[in-house]
Amino acid sequence: MTELLDAPRRTDGRTPRPPHGPAGTGGRRPGWSGSSGSALARFGSAALGLLTSPKYGPVTVTAVLFVAVFVVGGIRYRGFFSGQVFLNLFVDNAYLIVLAVGMTFVILTGGIDLSVGAVVALSGMIAASLLQTGWSPAVVIPLILVLTSVLGLLVGLMIHVFKVQPFIATLAAMFLARGLCYVISQSSISIVEPTFVQLAVSRIPLGGGLSVTPSVIIALAVVALAVWVLHATRFGRTVYAIGGGEQSGLLMGLPVARTKVLVYVISGFCSGLAGVLFTFYTLSGYPLTAVGTELDAIAAVVIGGTLLTGGYGFVLGSVLGVLVLGVIQTIITFEGTLSSWWTKIFIGALLLVFIILQKVLTSRRR
Amino acid sequence: MSGLAKVVSHRLFWPIVMLLVLFAINLVAFPGFFTITVRDGQLFGSLIDILRNGAPTLIIAVGMTLVIATRGIDLSVGAVAAISGAVACSIILGSPEPGNLATVAVAVAVALLISLVLGVWNGFLVAVLGIQPIIATLILMTAGRGVAMLITEGQILTVNSPPFKFLGSGFWFGVPVAVVIAAVVFGIAALVTRRTALGMLIESVGINPEASRQAGLRARGLLFAVYTFCALCAAIAGLILTANTAAADANNTGLFIELDAILAVVIGGTSLAGGRYTLFGTLVGALVIQTLVTTVYTVGIPPIATMVFKAAVVTIVCLLQSPTTAASISGFRRRLAARAGKGLAAS
């Protein structure tokens, strides 16, 4: 199966050629590890192999970058190098982690989902308006998750059955969701329902004065589930196989149609859940929240090392991507003198670096 | 029957039907919809409003059509529009005479020049580095708004300059200036790409980049050209939008306009998969979008619901243009014909 996952992909009409190194081991070259016997050299070659493989390279760079930025922040600012600052990255970005998980599934198949930001806003609006009329959270939350999954299903069917490009189909879903937000209400609705407030303010102590919110636990559970699905189930392997080459997947008898539709259902579900987590964070529904969040989610996935053409990538990489975005935001907050728009410029620059890195790494394999 | 089938299967059939349906709804809701009056030598009327408000979208959609024809996409147009508006306004504000025609000319020229640089940047990422267009332009889409805010320093720059305002809300021989500019951009694009071989070359790059390169086409140069042209269109639209409100708002100028422009192109029947394109289709698409917005106003639906209707229109048009629908329609027709044939044979 790994042979299939690592098989060279056809891009833009270029003929596929077999890869240089043994596939699946991170592209390690025989000459490197064989020439010198010392453990140091072997470590060096393994590290080089890790860095230059399209599968592990970008995610390794992201991990190194994250640690480097965190250490630089720790040296520059007093109070930065603490466990709580690190945990707050999760607290502040729990919803984005969930979104990035859903987006990873979609991008692994070579698709894209532009509707996630609008769906986050829509589920916040639904939650706020239903809770206001006295519905129970035990009904509202499942209802939101079902509705957003159905929206994802419709998008998936539009893409698969009617051959509409993912870009356009999810764009239509984005318009629909954003429009429905305004139909529900044009102004902010605050949430005063006790369960939601309780979930928003409660902290789970981790010892040593550190704590996280329940949202973080939910987000991490979603991540764990996604990792299991992608790496231990047939469905997960089909997702990778479709990204590697849809036609080959089809010829192998894999359930391409079902899987392609399902990834959009997963993304819809994740967007709904992210919306619920976001309302825990803000305790309100507002039609204009999360504008452009789809770009953050895509950026996190790309920075996390998932190839936009599909086939390569990890959910944990996307989580790292979210953390990198979060740590940049935190540094800008700590710096104090940098204005908020620098965040956008930094994210743009990071995207550029990672996309070029992906390009270099994948072109080496041809 | 075959004549009708030919008309129905034409790729502009459904978009034009959509436009006519929208016009009909408007006419029912507001009988004076088609009246155009001349007041103080200037044209007024609902149709003129549609043309004027739709001009920025149309201008960007023209550039976008050419980019999409090369199998690309440009998401950065909204950000480029914001940057050009911000540049122009900050130059006008910084000059001692904001009302001077020369000042405005310099501001517009600098804004357009900067957009050319941004277009070349996009072209470089796509043509030289070979990055997927949607991602290459995503970089500028994300960073561009930041750059625009950097130029305006996070403020909304309000300018008081009659020559600049003329670009957005002025009239030229009775016609809104924005419409004249859109017509000129459309005319130039149509002439240059359709009266020369350029359009065919662009299509060939979109259909098969490698084959066209091997046929001796300078695909790289063409890609540079279309992305630069698209950025230039975005900057022109940005100037019109900014001039219309006489204020540069880095956050909101041209927000979502990339989506409207892409929609206009798709509704017009140009496939996102690249290749054949139709500028006339884009014109129809841009008019459909703008007429839809106007219809929502005239019918009395709260304007905030516009996005729901946009979603509906996109979905319907995409489903009608889908190969699956075409196949099932032709299958239905064949069955119908077969049944009719059988009926004839029986009688």
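In what follows, every chain begins at residue 1, and chains take the letters A, B, ... in the order their sequences are listed.
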- [ ] Quick one: which of G179(A), P287(A), C181(A) has the most heavy-atom pairs under 4.5 Å with chain B, could you say?
- [x] G179(A)
Task: Closest contact, heavy atoms only, A172(A) versus A311(B) - done: O-CB, 3.3 Å
- [ ] Can you establish whether the number of heavy atoms outside Y286(A) located under 6.0 Å from its atom OH is more than 12?
- [x] no
Open item on the list: For a 4.5 angstrom cut-off between non-hydrogen side-chain atoms, does M174(A) reach M307(B)?
Closed with: no
TODO: Could you point out which residue of V308(B), L263(B), T306(B) forms a side chain to side chain contact (heavy atoms under 4.5 Å, CB included) with F175(A)?
DONE: L263(B)
Open item on the list: Please report the interatomic distance CG(L272(B)) to CZ(F167(A)), rounded to the nearest 0.5 Å.
Closed with: 7.0 Å
Open item on the list: Shorter than 4.5 Å, heavy atoms on both sides: which option in G348(A), A173(A), A349(A) has the most such pairs with chain B?
Closed with: G348(A)
- [ ] Tell me, for F256(B) versus chain A, whether the close heavy atoms (under 4.5 Å) come from the side chain, the backbone, both or neither.
- [x] side chain
TODO: Enter the distance from L351(A):CG to M141(B):CE here, rounded to the nearest 0.5 Å.
DONE: 11.5 Å
Open item on the list: Working note: I135(B) + F354(A), criterion side-chain contact (heavy atoms from CB on, under 4.5 Å); need CA distance, chi angles, decisive distance, verdict.
Closed with: CA-CA 11 Å; I135(B) 301 312; F354(A) 275 87; over 6 Å; no
Task: Single hit among I112(A), L295(A), L352(A), L308(A) for side chain to side chain contact (heavy atoms under 4.5 Å, CB included) with L138(B) - done: L295(A)
TODO: Please examine the side chains of I355(A) and Q132(B), heavy atoms only from C-beta on, and report whether any two atoms are closer than 4.5 Å.
DONE: no
Open item on the list: For chain B, which candidate among Q165(A), K163(A), M158(A) shows the most heavy-atom pairs at distances under 4.5 Å?
Closed with: Q165(A)
TODO: Sort V147(B) into side chain, backbone, both or neither according to what part of it lies under 4.5 angstrom from a heavy atom of chain A.
DONE: both
Open item on the list: So for F346(A), is it side chain, backbone, both, or neither that comes closer than 4.5 Å to the heavy atoms of chain B?
Closed with: neither
- [ ] Compare all side-chain heavy atoms of I345(A) with those of T142(B) and state whether any distance is below 4.5 angstrom.
- [x] no
